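Take a look at the structure set out below.
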Amino acid sequence: MVQILCVAEKPSIAKAVANHLAGQVTTTSARGIAWIKNYEFNFNFNAWGHSSVCFTSVAGHVYEKDFESRFRDWQGCSPQALFDAPIVTTVANNDKKAIVRNIEEKARSASILYIWTDCDREGEHIGTEIREIAMKTNRRIQVVRARFSNIERAHIINAAHHPFALDERQAAAVQARMELDLRLGAAFTRLQTLNLKPIIKHLLTEEKSVISYGSCQFPALGFVVDRYFRVKNFIPEPFWGLRLSHTKDDIKVKFNWSRNHLFDRMVTTILFERCLTARTATVTSVQTKATSKWKPLPLTTVELQKMGSKYLRMDSHRVMTIAEQLYTKGWISYPRTETDQFDPAMDLRTLVTRQTQDPNWGLFAQNLINGGFNQPRSGRNNDKAHPPIHPVNYVVGTSLTEEERRVYEFVVRRFLACCSEDAKGSQTTIHLLFGSEIFSATGLIVLARNYLVVYPYDRWESSQVLPPFIHGETLVPTELRMEEGQTTPPGFLTEPELISLMDANGIGTDATMAEHIAKIKKRNYVMTQPRGRNGGGGRGGTGNADAPAREGQGGTGVQEFIPTTLGVALIEGYDKLEFEKSLSKPFLRKEFELQMRAICEGRSTKNDVVHQELEQYQEVFVKTSQQMGVLKAVRLFPFTTFRSCIRNSAMDSCVSDHLIEYRYRTREC
DNA sequence: GCAAGGTC
């Protein structure tokens, strides 16, 4: 019988796939590491016939890269030496060593290595690591990989019968990423820390803290600082608008002006007077049409994190920690996914059925099973590695911690909403012609709440009922006023907004975005506060004069990010150095993303990309070292955070002025 | 003492 060694990226996949393939499984723990299991069974592969299989796993990357020991000592070399210091590959810890030993042993007797890592770039690279380990004890082992995007039985069995080759290019792209992140992260972190720490000790929270640079944490910080200055430098602009209301059948109907508002008082006044002169208005249209509010898309990691900070009173990092616990315990599916479409072959009804026993949403689930089920909408993303986040098994809320319960409830409700029907309503729009101006009023009647019943995170309410109007009817409006308002500044960046920005700019992956955010907090680059404190924002955009401030629906306390003195100084400092591409902006990372894609598509090679990128960054590094004085302007800041600067605008401008001035002359604040 | 990426 052919001996086949299968290796997955994570223990849960090994378990799930083995169970699909096997009739009977023998499970043992790998030597020296209890949580890595070896599943042994027989399977009849198309390619190799009846085979004896050992299915095991790694747990993410096995190897880590670091500099040769003499370059690990901060005093032992200049930070710039890290641009070409030799890099060694090591197995990080004892657990990983046990994982390596396990694969070495199992590979010895196998003739085929079948790799079951995730089908993404990192997964491809982990595949090459596994190959390397196996070939240490068995040079002639034949290596293939499985291509799969979910762990449905039929899909997995099909993948088992159709092996592919590892994608060397994707693995090479990851190698490039690793080398660049290591060299640049270490070099700039040491440069900043060694030069700046002595003069800004008072701004650091801990003695041993560092002033780190990372290709993800800096752009993330950049977004926070950028928004901070947009709020701070905002200049309100006055505008004028017309507000019309008419009372009919004892119902006061407010009409909106089709021009919304104008920034010219004179013009608004003229239009206002034209309306007054006209005296009567004519109903030009009354339209009633069916409308609907779409049910949400299947749940991705990014969306889970955003919703977590909006509705679950947890920051993104906390949400992920909790989601991982729920995943490990087997209640929800893998929580790190970019996919917002369910595979049509997936059996969703069974998953819905498992929720029918819940006292809160069980009835809703039962109704779906009794005929209300609708296939979920499909979004645009598919990472080909994982399905959208969904509940796998039912667990009663009382056996979870309070935080676990909230996240589980959200995942379940979201899933049930996806399998439900859009909410249906009827919307009536009335247009009035008054003088030369058009006004409109709309009324909404929600007819069927459908998915909203199980998904309280969305709001869609019937508006006030409109009195009947008839096309062509004339009327003398009860009231017409000209009102003045002004534009309002955006709010400080909230966590959902920050996550959206990182997502849109390719900063970090779904699995790491929350970590980068946590890191810039830990480094004391940013701090958070509940929205609404300290003025200056929270209204968003150029609102209407009397538009109510839309505080985070129901006051769930979304957090907003404010940069600290240190955070502002770093970003401002680099901006003042006037590189073509500032380290704080996402361009460099985005460009690097394109380079990685070029490697994957064979248009470029790992070595070319690494050399080219290192050269570019080294230029920035040298200029930064030469002009360290600009960054050292941090010294001019008083011992304070920028939050107090908001209250004291005089000091605030003093700080900014000095940063600009510092390049030309030295002055005390 | 540095990064970002996997995962437990």
Side-chain angles (χ1 to χ4, degrees), chain A residues 8-15 29-30 33-37 57-67 71-77 79 81-83 85 87 91-96 98-99 117-118 120-130 170-171 173-194 196-197 204 206-220 320-321 323-325 327-330 334-336 385-386 502 506-520 522-523 583 589 592-593 596 617:
Chain A
E9 181 166 324
K10 39 187 168 274
S12 60
I13 293 289
K15 182 178 182 182
S29 275
I33 177 163
W35 51 274
I36 293 280
K37 308 287 186 197
S57 76
V58 291
H61 290 284
V62 181
Y63 295 116
E64 255 175 39
K65 291 189 188 304
D66 204 348
F67 299 107
F71 290 94
R72 274 175 234 172
D73 175 9
W74 286 41
Q75 310 301 330
C77 68
L82 301 178
F83 276 89
I87 289 176
V91 180
N93 55 42
N94 286 335
D95 272 2
K96 302 263 171 183
I99 289 172
T117 49
D118 290 354
D120 53 23
R121 230 156 37 194
E122 300 293 334
E124 228 56 44
H125 183 263
I126 293 169
T128 62
E129 293 189 342
I130 294 167
Q170 288 194 52
V174 171
Q175 283 182 23
R177 175 194 64 69
M178 287 172 152
E179 182 172 346
L180 286 168
D181 281 338
L182 173 63
R183 291 193 190 281
L184 302 175
F188 278 97
T189 299
R190 289 190 199 177
L191 177 75
Q192 289 176 171
T193 308
L194 292 172
L196 300 178
K197 194 171 171 182
L204 299 174
E206 290 167 53
E207 175 59 27
K208 61 174 194 277
S209 54
V210 294
I211 305 164
S212 62
Y213 167 80
S215 58
C216 290
Q217 47 181 276
F218 250 55
M320 285 313 289
T321 306
E324 274 151 27
Q325 286 166 13
Y327 161 69
T328 319
K329 292 178 185 167
Y334 192 62
R336 293 191 274 262
H386 306 283
M502 294 175 71
I507 307 301
T509 67
D510 49 1
T512 59
M513 271 185 268
E515 287 174 31
H516 301 312
I517 295 174
K519 184 149 275 174
I520 58 175
K522 184 166 179 250
R523 294 282 187 252
L583 281 192
R589 183 81 202 181
F592 179 47
E593 189 58 39
M596 298 233 281
Y617 274 97

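Letters A, B, ... are given to chains in the order of the sequence lines, protein chains preceding strands, and every chain is numbered from 1. As the structure is a prediction and not an experimental result, all values here were calculated from the model.
Atom CZ of A:R523 and atom P of B:dG1 are 12 Å apart (whole Å). The CD-P distance, from A:Q192 to B:dG1, rounds to 19 Å in whole Å. A:D510 has its CG atom 10 Å from the P atom of B:dG5, to the nearest Å. The NZ-C1' distance, from A:K65 to B:dC2, rounds to 17 Å in whole Å. Regarding A:M320, its CE atom lies at a distance of 13 Å from the P atom of B:dG5, rounded to whole Å. One atom, CG of A:L182, and another, C1' of B:dG6, lie 16 Å apart when rounded to the nearest Å. Spacing between atom CD1 of A:I507 and atom P of B:dA3 amounts to 16 Å, rounded to whole angstrom units. Rounded to a whole Å, the CD atom of A:E124 is 13 Å from the P atom of B:dG6.
The side chain of A:F67 sits closest to B:dC2 out of B:dA4, B:dC2, B:dC8. Of all nucleotides listed (B:dC8, B:dT7, B:dG5), B:dT7 comes nearest to the side chain of A:E9. Comparing atom distances between the A:D66 side chain and each of B:dT7, B:dA4, B:dC2 picks out B:dC2 as nearest. If you check B:dA4, B:dT7, B:dC2 against the side chain of A:T189, the one that comes closest is B:dC2. Each of B:dG6, B:dG1, B:dT7 was ranked by its minimum atom distance to the side chain of A:V210; first place goes to B:dG1. Listed nucleotides: B:dT7, B:dG1, B:dA3. Nearest to the side chain of A:S212: B:dA3. Ranking B:dC8, B:dG5, B:dG6 by closeness to the A:T328 side chain, first place goes to B:dC8.
A:F83 and A:F188 have perpendicular rings, their planes meeting at more than 60° on a 0 to 90° scale where under 30° would count as parallel.
Heavy atoms of A:K519 sit under 4.0 angstrom from primed sugar atoms or phosphate atoms, though from no base atom. Among the heavy atoms of the strands lying under 4.0 Å from A:P11 are primed sugar atoms or P, OP1, OP2 only; no base atom is included. Contacts of A:F71 with the nucleic acid, taken as non-hydrogen atoms under 4.0 Å apart, are absent. Contact annotation for A:H125: no contact, since no heavy-atom pair falls under 4.0 Å across all strands. The residue A:D118 sits close only to the backbone: its heavy atoms come under 4.0 Å of sugar-phosphate atoms, none of a base. Residue A:A187 is out of contact with every strand shown, counting any heavy-atom pair closer than 4.0 Å. Across all strands, A:R336 comes closer than 4.0 Å to base atoms (heavy-atom distances). Within the 4.0 angstrom heavy-atom criterion, no nucleotide atom of any strand lies near A:E179. Nucleic acid contact for A:G123: none, since no nucleic acid atom lies under 4.0 Å from a heavy atom of the residue. Among the protein residues, A:Y327 comes within range of the sugar-phosphate backbone only, with heavy atoms under 4.0 Å from sugar or phosphate atoms but none that close to a base. At the heavy-atom level, A:T193 lies under 4.0 Å from base atoms of the strands shown.
Residue A:Y63 places none of its side-chain N or O atoms closer than 4.0 Å to OP1 or OP2 of B:dG6. Contact annotation: A:T509 reaches the phosphate of B:dG6 (side-chain N/O to OP1 or OP2, under 4.0 Å). Between A:H61 and the phosphate of B:dA4, there is no side-chain N or O to OP1/OP2 separation shorter than 4.0 Å.
At a threshold of 4.5 Å between non-hydrogen side-chain atoms, the residues A:F592 and A:R177 count as touching. Within the 4.5 Å cutoff, no side-chain heavy atoms of A:E179 are placed close to those of A:L182. The side-chain heavy atoms of A:W74 and A:V210, taken from C-beta on, include a pair separated by under 4.5 Å.
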Derivation and outcome, salt bridge (charged side-chain N to carboxylate O under 4.0 Å, His left out), residues A:R121 and A:E593 = CA-CA 12 Å; A:R121 230 156 37 194; A:E593 189 58 39; 3.1 Å; yes

Would you check, one step at a time, whether the test side-chain contact (heavy atoms from CB on, under 4.5 Å) holds for A:E124 with A:V174?
-> CA-CA 9 Å; A:E124 228 56 44; A:V174 171; over 6 Å; no

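Evaluation of A:Y213 against the base of B:dA3 yields no stacking contact (centre distance < 5.5 Å, interplanar angle < 30° required).
Where A:L194 and A:M513 each meet DNA chain B at their nearest nucleotide, the meeting point lying more 5' is that of A:L194. Toward the 5' end of DNA chain B, the nearer of the two residues A:E122 and A:R72, judged by each one's closest nucleotide, is A:R72.
Applying the 6.0 Å contact sphere to NZ of A:K10 captures more than 12 heavy atoms from other residues, nucleotides or ligands.
A donor N or O paired with an acceptor N or O is not found under 3.5 Å between the base of B:dC2 and the side-chain atoms of A:D181.
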